Amino acid sequence: MRRIVWVLVAAAGLAAVVAPAAPFLSRYAAVPRAADGPLTVLLAGVDVDYDDSAAVWPWPAKAESYTTRTDTIMLTQVWPDGRVNVLGVPRDSWVNMPGYGWGKVNGANVHGGPEMLMRAVQDLTGVPVDAYALVSLNAIPALTDAAGGVTVDVGQAMKYDDNAGKLHIDLKPGRQRLDGEQAAGFLRFRHDNLGDIGRIARQQQFVSALGAQVRNPLNVWRLPMMVGAVDRNMKTNLTRAQVAALTGAALGGPQVRTFSVPGDFGYRGAASVWEVDRVALNALVGKEFRDPDDVRSLGVAVVNTDAPDGSAGRLKARLEGLGYSNVWIVNEPRGPARTTASGAAAARVLRDVGFGTVTDQPLAAGADVTVRLGSDTPAP
């Protein structure tokens, strides 16, 4: 009888520990698996939207809609062996937002939702993005408290009060364990000479410290609470298979490395922006983030040889929607033909095109793969 009681107590304790992650598990539970290659997820923290029509001050926050500007942007690449590369993207980076035009990257979510944000970062870096996860500002304090606090070195005194935004920061220099409210202040502080760039460095410092705590076997029991804290404050298009791949990579213990988009402060009109150093960024991405087995990072030229008008543009848009980051249209003489693709990776690209055969035709200038659309191209 005593043994049964102990079993029931243990089961109740296990259920209590796992319960916070139950909603997440009900949607995404799958056997952890080793992915074939890296999975790239765009993490972005959204700003709070305050109700300026309210009769009270400070204005209360509206219900989270995940449609506001992105305060924090991190391109996170997770490899099957547990390596995690994080690229911090300054919120003021001056980028070309597909379908909208040039502006600060933190406005992409406002103008076209997370899909436009994904495309903007993908076009900026050349790294195909597989999924997004938007998190509210409530996620950081909830995650930090669920982790039992996070220990970081605070490099300088941080003092700032924003009554309207309900943000009060008062941190002293030195190594210390931050609770949820303190962690939110540490990550949001930008009132020094480095502004957003200094904040990105602190965000990366925090991510590395949190990763070290997750690797500690003594903290395993906290993981369901941490998962639940994030899940309650997140909007994502991650699939069950992708979550299984992320879980499989995490089993080996995440090994986090952090980087930042290189550049310098500049101005566009009266607006202060981050001018991206494209040459340095390309070198960084080529060294740390490029997956040589991912055809989506190759240069793909599309030619309309004998297809319905507009077919090349439609294929370009379709490939870009699948994560291809370097697709362009080339004009060549038209004539009777079937769809073909040439280049070393032609067969793999054709799997995404959906039809056509591999040939040894010459490549268009600068292309790794050239797709020539013929009369077998489906009509729109």
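The basis for the numbers below is simple: all heavy atoms, side chains too, and nothing from hydrogens, waters or symmetry mates. Remember, predicted model here, so these are calculated numbers, not experimental data.
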Share the residues that join Val273 in a hydrophobic cluster, the rule being Ile, Leu, Val, Met, Phe, Trp or Tyr side chains under 4.5 Å apart at the heavy-atom level.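 Trp94, Trp102, which link up through side-chain heavy atoms under 4.5 Å apart, make up the rest of the cluster.
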
Are any of the side-chain heavy atoms of Leu238 and Asp130 separated by less than 4.5 Å?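 The answer is no; the side chains never approach within 4.5 Å.
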
Side-chain touch Gln182/Leu171, heavy atoms, less than 4.5 angstrom: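 Yes. Closest side-chain heavy atoms under 4.5 Å.
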
Which pairs would a plain distance check flag for residues 344-356, meaning a side-chain donor or acceptor within less than 3.5 Å of a matching protein atom at least two apart in sequence or in another chain?
{"residue": "Arg348", "atom": "NH1", "partner": "Asp293", "partner atom": "O", "Å": "3.0"}
{"residue": "Asp352", "atom": "OD2", "partner": "Tyr324", "partner atom": "OH", "Å": "2.6"}

With sequence neighbours excluded, give me every ring pair (Phe, Tyr, Trp, His ring centres under 6.0 Å) pair touching residues 125-159.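 Qualifying pairs: none.
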
Of all residues at least two apart in sequence or in a different chain, which pass the side-chain contact (heavy atoms from CB on, under 4.5 Å) check with Asp71?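 Asp71: side-chain contact (heavy atoms from CB on, under 4.5 Å) contacts with Asp47, Arg91, Arg199.
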
Checking Thr340 against Gln361: is there a side-chain donor and acceptor pair closer than 3.5 Å?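 Gln361 vs Thr340: donor-acceptor pair found between side chains.
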
Under a 3.5 Å distance rule, please check whether Asn85 uses its side chain to pair with a backbone N or O of Thr76 as donor and acceptor.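 Pair absent, no side-chain N/O of Asn85 close to backbone of Thr76.
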
Can a salt bridge be assigned to the pair Asp179 and Arg177 using a cut-off of 4.0 Å between side-chain N and carboxylate O?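 Judged by the 4.0 Å cut-off on N to carboxylate O distance, Asp179 and Arg177 do not form a salt bridge.
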
Would you mind checking if Glu320 and Lys316 are paired as a salt bridge, meaning a charged N to carboxylate O distance below 4.0 Å?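 Counted as a salt bridge, because a side-chain N and a carboxylate O are separated by less than 4.0 Å.
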
Determine all donor-acceptor pairs shorter than 3.5 Å in which one atom belongs to a side chain in residues 134-144; sequence neighbours excluded.
{"residue": "Ser136", "atom": "OG", "partner": "Asn138", "partner atom": "N", "Å": "3.3"}
{"residue": "Ser136", "atom": "OG", "partner": "Asn233", "partner atom": "OD1", "Å": "3.4"}
{"residue": "Thr144", "atom": "OG1", "partner": "Ile140", "partner atom": "O", "Å": "2.8"}

Who pairs with Glu181 by side chain to side chain donor-acceptor pair (under 3.5 Å), at least two apart in sequence or on another chain?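 Side chain to side chain donor-acceptor pair (under 3.5 Å) list for Glu181, sorted by chain: empty.
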
